[in-house]
Amino acid sequence: MEVLEAIRTRRSVRKYEKRSVPEEFVRKILEAGRWAPSASNAQPWSFIVLRDEGVRKEVARAATYGRFLAEAPLGIAVVVDPAASTHPVEDGAIATQNMLLAAHALGLGTCWIGSYGSSYEERVKEVLGIPEDKRLLSIISVGYPAESSKSTRRDLGELVFRDRYGKSG
Ligand SMILES: Cc1cc2nc3c(=O)[nH]c(=O)nc-3n(C[C@H](O)[C@H](O)[C@H](O)COP(=O)(O)O)c2cc1C
């Protein structure tokens, strides 16, 4: 799938078929995360592949807005090291988005489950054995889509200015 098409057609998917995601696809998704840009090329991330059903269920129990992870065949937790980068949040966010797009291009559905600064970040870190000095940026649920979303966006005309803030053109 071409990049612009992937960006335009990706939507969050929270319901998945039961079939599992091939390891070869998991690898491609992780590669897409690995090749994300980061401030000073710090690459302050690590990714935890969540295949084990028990682990996913425990994470889903803790993550108030990510309950559907329990029914997804796969999850990927994106961990960042704040000491390794001047912009750990942005770095981890771009890696996450790269993986969402790669998964979509492979015919998979994903949803970004926010974690950074959430009420459940510490609990999920505990479940996954993430060291105290690292942060859990996001968790991505992944699987073959069993629903399609029609989320829309504001028109460009509402959000693009020319030369100065507030000046439409
Ligand atoms: C930083 C961030 C955190 C998000 N956290 C959650 C979440 O915890 N649970 C969830 O169901 N969706 C979450 N989402 C998905 C958004 O709700 C979704 O991207 C948005 O509604 C637009 O829909 P779309 O992805 O289908 O285009 C998150 C997205 C982002 C970028």
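When a ligand or atom number is given, it counts from 1 through the structure's own listing order. What you see is a predicted model; the values in this text were computed from it and never measured. Numbering of residues begins at 1 and proceeds along the displayed sequence.
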- Look up atom 15 (C) of ligand 1 and tell me if a protein heavy atom lies less than 4.0 Å from it? yes

- Salt bridge or not for R51 and E23, using N-O below 4.0 Å? yes

- Task: Check whether any heavy atom of G66 sits under 4.0 Å from an atom of ligand 1.
- Result: no

- Which of the ligand 1 atoms, numbered from 1, are nearer than 4.0 Å to a heavy atom of R11: 26 (O), 27 (O)

- Message: Closer than 4.0 Å to some heavy atom of S151 - which atoms of ligand 1 meet that?
- Response: 23 (O), 24 (P), 26 (O), 27 (O)

- Heavy-atom contacts under 4.0 Å between S12 and ligand 1: side chain, backbone, both, or neither? both

- Is any side-chain N of the basic residue among E121 and R135 closer than 4.0 Å to the acidic one's carboxylate O? yes

- Task: Would you check whether F68 reaches within less than 4.0 Å of ligand 1, judged by its heavy atoms?
- Result: yes

- Query: Hey, which atoms in ligand 1 end up nearer than 4.0 Å to a heavy atom of Y65?
  - Reply: 7 (C), 8 (O), 9 (N), 10 (C), 11 (O)

- Of all protein heavy atoms, the one nearest atom 13 (C) of ligand 1 is W112 O, 2.8 Å

- Which ligand 1 atoms does C111 reach within 4.0 Å, using its non-hydrogen atoms? 10 (C), 11 (O), 12 (N)

- Under 4.0 Å to a heavy atom of S149 - the qualifying atoms of ligand 1, by number: 26 (O)

- Message: We want to know whether S38 and H87 form a side-chain donor-acceptor pair, criterion being a heavy-atom distance below 3.5 angstrom.
- Response: no

- If you measure from the Lys or Arg side-chain nitrogens to the Asp or Glu carboxylate oxygens, is any gap between R8 and E2 under 4.0 Å? no

- Query: Is it the side chain, the backbone, both or neither of R153 that has a heavy atom closer than 4.0 Å to ligand 1?
  - Reply: side chain

- Please report which non-hydrogen protein atom sits nearest to atom 5 (N) of ligand 1, along with the residue it belongs to and the distance in Å to one decimal place. G114 N, 3.1 Å

- Query: Judged by modelled atom types alone, do Y65 and S118 share a side-chain donor-acceptor pair under 3.5 Å?
  - Reply: no

- Message: Can you tell me how the ring of Y165 sits relative to the ring of F161, calling it parallel under 30°, perpendicular over 60° and tilted otherwise?
- Response: perpendicular

- Message: Assess, by modelled atom type and distance only, whether the side chains of S138 and T96 contain a donor and an acceptor separated by less than 3.5 Å.
- Response: yes

- Item | Note: R34-E31 ion pair, threshold 4.0 Å (strictly below) | yes

- Query: Quick one: do R27 and E24 make a salt bridge, cutoff under 4.0 Å?
  - Reply: no

- Note on the structure: The closest protein heavy-atom partner of atom 21 (O) of ligand 1 is R14 NH2, 4.5 Å

